[in-house]
Amino acid sequence: MAGGGRTINVLNVAEKPSVAKAVAAILSRNQGLRVRDGRSRYNKIFEFDYAIRGQPCHMLMTSVTGHLMELDFEDRYRKWHSCDPADLYQAPVRKIVPEDKMDIKRTLDEEARRCQWLVLWLDCDREGENIAFEVIEVCRAVNHHLVLRRARFSALIDREIHQAVQNLVDPNQWFADAVDARQEIDLRIGASFTRFQTMLLKDRFCIDSATEDRNLVLSYGPCQFPTLGFIVERYWEIQAHEPEEFWTINFTHRSDEGIATFNWMRGHLFDYTCAVIIYEMCVQEPTATVTKVRQQEKLKYPPYPLSTIELEKRASRYFRMSSEQTMKVAEDLYQAGFISYPRTETDCFSVRTDLHAMVQEQQGHPVWGSYAQRLLDPGTGLWRNPSGGGHDDKAHPPIHPTSFLLGNQDGVKTTILYELVVRHFLACVSQPAVGAETTVEIDVAGELFSASGRVILARNYLDVYRFESWGGSVIPSYAVGQQFIPTTLTLDSGVTRPPLLSEADLLSCMDKAGIGTDATMHDHIKKLLDRFYATKDANTRFSPTNLGEALVMGYDDMGYELWKPNLRSTMEYDMKEVSIGNKSKAEVLANCLQQMKACFLDARVNKVKLLEAMSIFFERSNADEHHAAGEIVRQCGNCLESNMDGKFMVGCMAFPQCRNAVWLPGSVSEAIVTSNICNSCNPGPVYLIQFKFRRHEIPPGFDVNHWVSVVTESLHMQSGCIGGCDETLRQLIEICGTGSRNPGGRGATTTSNNVRQSDTRQRACIYCQQTGHSSGDCPSQFSGSRNAHSHGPNLQSGESSIPCTSCGTPCVLRIANTANNRGRKFYSCQSQECNFFLWEDDINNGTRGRSIPRGSASNPGRRGGRGRGGQTGGRGADTTFVSATGDPLSGRRCYVCGDPSHFANACPNRGT
DNA sequence: GCAAGGTC
């Protein structure tokens with residue numbers, strides 16, 4: 001890029017208008033700088049001449065406003081009912097410029113055509129790099145010959161900017177790839193789960209939100225859900241917490257010099273008798289002897305320079321402003337030029353920053369102007385170069401005032417937030433407060449007590465940072481050996497009580513777990529309120545709503561950590577790997593999406609957990625009448641128990657004692673039990689079922705919608721019957737088999753499979769007495785992934801053999817050796833082809849055996865101390881579980897008080 | 001009607 005010659009046109013693009021303006025001003029030194037409008041009213045175009053390494057350039061400097069493009073599914077997948085949500089894991093996606101960014105794109109189109117170089121001035125983080133590639137895509141489309149260069153800068157400071165433009169580098173594809181991967185994963189997970197849970201729950205329950213029910217969306221997102229998780233988890237901790245009364249002894253002493261409060265050095269005791277005995281000893285011998293007097297100088301340091309999260313936390317703590325409101329006000333202040341860029345992770349100033357100039361700006365302020373003057377006066381010794389918190393996003397400095405604002409100009413919130421920014425900045429460059437601390441220890445009847453007092457010797461930064469105080473109480477002076485009698489000696493009680501999560505706590509949790517960015521954390525919090533997942537009280541404390549709690553509970557009962565931050569943390573780790581070239585984008589995408597799809601499919605199989613959790617808090621709606629899992633189809637011929645279990649089988653509710661089952665064709669995609677009764681099948685009543693089949697899995701000539709015409713008293717109804725009269729159903733079972741256990745899963749029952757199945761069709765299965773499969777393949781016995789033995793409980797020893805209840809091969813009784821189930825006996829099949837597994841004690845509880853799920857703990861994780869009911873769940877192939885009684889709530893008890901007679905929603909103690 | 005990330 002070196003060398004003189006003809007002037008070339010260089011298109012420069014920054015991430016936001018303010019950066020374009022600042023860079024243009026610095027490079028042009030405000031000499032010959034022209035400004036004109038582009039197609040977008042916000043994004044001006046600056047023009048000036050500049051030489052890059054001796055090459056004369058005509059510079060055109062413009063900007064985008066953040067991302068120029070959006071990722072979305074192709075049109076045919078965008079409607080909610082256009083496809084199965086599971087398809088969204090492989091549905092084609094594309095990046096397009098949305099309508100509201102088209103004017104920026106037009107500007108780039110026009111300007112790029114007449115330029116030879118494109119210099120990218122996007123923020124120097126991963127998102128910035130990704131935006132750089134969006135700009136490249138747009139510009140290259142109209143000008144293939146553009147030379148692409150990237151300017152790297154970490155602050156809008158003269159030297160930094162000149163250095164950046166003289167040392168242009170290549171854009172970093174890895175950084176951009178990491179963001180591409182994140183976008184795609186977020187989109188696919190978010191859309192699939194949101195559609196799934198909204199369509200599953202919205203119409204089945206009377207969710208009394210403030211919104212019009214029609215627009216209710218039960219969204220899922222990899223940031224919003226862990227944020228909700230933090231709130232629910234704390235709420236559960238509070239519910240599980242048993243308030244404990246404790247006792248403590250307090251001792252005060254008043255003298256001419258003042259009063260000292262001595263704290264018991266044991267802190268507090270939970271044992272009342274013990275506390276009383278000690279207290280009585282003190283009362284009988286109340287003379288205190290001073291055993292130790294210690295004096296120390298203590299420093300209290302000012303806070304680090306202000307990052308976004310810290311601004312939000314402090315505004316919440318000091319002014320009870322929501323993080324969302326804080327960011328809105330900060331944005332206004334930034335736009336008006338009063339404070340620096342408000343979205344920054346950086347909490348240390350660059351050594352090149354002219355801090356003195358910033359302080360000088362504040363000298364004229366009527367309230368803190370005199371403090372600023374003192375700071376600048378070397379004679380006061382008040383100045384101190386600020387220390388840093390060790391965070392630097394390499395894109396923006398800490399938030400600081402950029403120009404002088406006299407209060408009360410733009411409403412109260414603006415003024416107080418500006419005041420916080422200024423006072424915080426002035427505090428950062430000030431000396432710490434200095435205090436003299438005195439600690440006195442006394443002995444009363446062998447018990448030790450201590451009191452401390454503090455005298456502030458120099459307030460320093462505390463003079464300007466009025467939001468912080470340093471509790472300075474003065475205590476009388478004491479000497480070792482001195483004796484005195486207490487003024488008061490009391491035995492006091494207290495109760496342990498964990499607090500709800502405040503907004504500042506929540507931000508800390510998110511920050512720690514890497515949920516969201518400084519620019520989006522407040523959005524995630526707001527989203528929880530908008531979606532009616534959580535509420536915030538006047539003290540900025542968060543509680544989950546019934547809806548929020550039910551959703552988290554549902555996933556938790558499945559044993560998934562979809563509501564915990566781990567998923568996001570893992571993703572963040574992978575993104576980091578992509579951004580440094582250790583992993584490829586394709587590899588991370590394939591891996592993550594495969595896992596998430598498996599998780600999604602599993603969650604859908606276990607959707608009954610979500611339904612159960614919702615039914616704890618919400619009434620079922622009328623629309624639910626024909627949709628619920630566990631509907632009765634007919635009386636069981638063997639034992640008079642009955643149940644419509646899941647989509648694919650009609651099984652007896654008395655399983656495993658009774659194994660009577662009717663299996664439906666594998667090509668069934670929907671099965672809804674109607675309230676209509678078959679007129680011909682006996683013994684009745686047999687409720688009719690509306691079937692829908694997958695087109696490509698049934699032969700031509702069969703309708704995907706299968707209803708048998710039945711004339712009832714008042715209407716002409718069409719439904720399928722499992723009572724034996726339904727010829728179409730019988731034929732489809734003959735042709736397609738009962739496919740729930742096909743290794744290929746959905747769609748595997750093809751013509752070629754029928755050849756294999758025709759061999760087994762003639763023999764009746766020993767379990768369900770049906771033809772169409774072998775006993776070893778009987779779908780009435782639960783199965784999921786094969787070869788999963790290695791994931792079962794750790795084996796200690798083989799015990800006596802019994803017949804396997806799944807595939808017929810011998811099964812052994814074993815003893816678990818895991819932390820949660822040590823010593824518990826279970827049956828597991830010896831066959832490598834079968835992964836049947838059943839706890840011995842669950843047989844009596846009525847819980848079914850199940851397959852050991854791949855890659856999962858043998859016993860889903862449980863929250864401690866919530867008095868939850870027995871284990872009724874598990875995972876199987878295309879089936880759902882109910883408890884022995886058919887009551888999904890059996891065995892549960894109230895989370896609040898533990899009483900089995902009611903649930904938390906009806907608990908008289910709830911909310912106290 | 002869905003995510004999270006930029007930004008006005």
Side-chain angles (χ1 to χ4, degrees), chain A residues 14-21 40-44 63-73 77-83 85 87-89 91 93 95 97-98 100-101 103-104 122-123 125-135 175-176 178-199 202-203 211-227 327-328 330-332 334-336 341-344 393 395-396 510 514-527 530-531 562 567-568 571-572 575 596 600:
Chain A
E15 189 159 323
K16 42 191 161 282
S18 60
V19 172
K21 187 179 178 186
S40 152
R41 54 188 287 229
Y42 301 108
N43 306 81
K44 309 277 183 202
S63 56
V64 288
T65 44
H67 278 287
L68 185 59
M69 297 178 156
E70 270 176 16
L71 187 73
D72 208 343
F73 296 106
Y77 291 92
R78 285 169 71 172
K79 285 227 182 315
W80 278 40
H81 292 280
S82 65
C83 66
D87 296 343
L88 297 177
Y89 286 89
V93 289
K95 261 191 171 184
V97 179
D100 62 335
K101 296 288 173 72
D103 46 5
I104 297 176
L122 287 306
D123 291 357
D125 52 22
R126 294 207 299 245
E127 295 295 334
E129 212 65 29
N130 189 271
I131 299 170
F133 279 87
E134 293 174 356
V135 172
F175 266 45
V179 172
D180 279 343
R182 181 206 44 80
Q183 288 179 341
E184 194 173 327
I185 292 168
D186 284 345
L187 175 66
R188 293 187 190 278
I189 296 176
S192 58
F193 273 94
T194 300
R195 289 183 192 182
F196 158 65
Q197 64 186 25
T198 304
M199 294 192 287
K202 189 178 95 168
D203 295 328
T211 181
E212 280 298 309
D213 199 44
R214 290 232 165 274
N215 297 326
L216 186 69
V217 172
L218 307 184
S219 63
Y220 176 90
C223 284
Q224 52 179 274
F225 245 59
T227 307
M327 290 313 290
K328 193 178 175 308
E331 179 67 29
D332 291 346
Y334 164 66
Q335 291 299 333
Y341 189 67
R343 290 179 279 275
T344 175
D393 63 15
H396 306 286
M510 295 170 75
I515 303 296
T517 68
D518 48 323
T520 60
M521 280 168 153
H522 67 275
D523 284 335
H524 301 313
I525 295 175
K526 181 170 183 291
K527 185 153 277 176
D530 291 346
R531 297 283 191 220
L562 287 169
L567 174 65
R568 192 70 187 176
M571 270 172 62
E572 276 300 318
M575 297 311 113
M596 282 312 298
F600 175 82

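All values below were derived from every heavy atom in this structure, side-chain atoms included, with hydrogens, water molecules and symmetry-related copies excluded. Below, chains carry the letters A, B, ... as their sequence lines are ordered, and counting in each starts from 1.
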Categorize A:Leu68 for me: base, sugar-phosphate, or nothing, with a 4.0 angstrom heavy-atom threshold over every strand shown. nothing
What nucleic acid atoms does A:Pro85 come within less than 4.0 Å of, heavy atoms only: base, sugar-phosphate, or nothing? nothing
Need one value for A:Phe225: base, sugar-phosphate or nothing, where a base atom within 4.0 Å counts as base even if backbone is also close, heavy atoms only. nothing
B:dG5 phosphate, OP1 or OP2, under 4.0 Å from A:Arg182 side-chain N/O: no
Would you indicate what A:Gly516 reaches in the nucleic acid, counting non-hydrogen atoms under 4.0 angstrom: base, sugar-phosphate, or nothing? sugar-phosphate
Along DNA chain B (nearest heavy atom to each residue), the more 5'-positioned of A:Lys16 and A:Arg78: A:Arg78
Taking only residues two or more places apart in sequence, or in another chain, which ones meet A:Asp530 in a salt bridge (Lys or Arg N to Asp or Glu O under 4.0 Å)? A:Lys526
Once you apply a heavy-atom cut-off of 4.0 Å, does A:Asn43 come out as touching a base, just sugar-phosphate, or nothing? nothing
So what does A:Lys527 touch, heavy atoms closer than 4.0 Å: a base, only the sugar-phosphate, or nothing? sugar-phosphate
Look at all strands and tell whether A:Ser40 reaches a base, only sugar-phosphate, or nothing, counting heavy atoms closer than 4.0 Å. nothing
Which nucleotide in the list B:dG6, B:dG1, B:dA3 gets nearest to the side chain of A:His81? B:dG1
Those residues at least two apart in sequence (or on a different chain) that pass salt bridge (Lys or Arg N to Asp or Glu O under 4.0 Å) with A:Glu127 are A:Arg182
Touch check for A:Asp72, heavy atoms < 4.0 angstrom, all strands: base, sugar-phosphate only, or nothing? base
What contact category does A:Glu15 fall into here, base, sugar-phosphate, or nothing, at under 4.0 angstrom with non-hydrogen atoms? sugar-phosphate
Base, sugar-phosphate or nothing for A:Ile104? Non-hydrogen atoms, less than 4.0 Å. base
Using a cut-off of 4.0 Å on non-hydrogen atoms, how would the nucleic acid contact of A:Tyr220 be classed: base, sugar-phosphate, or nothing? sugar-phosphate
Base, sugar-phosphate or nothing for A:Arg126? Non-hydrogen atoms, less than 4.0 Å. nothing
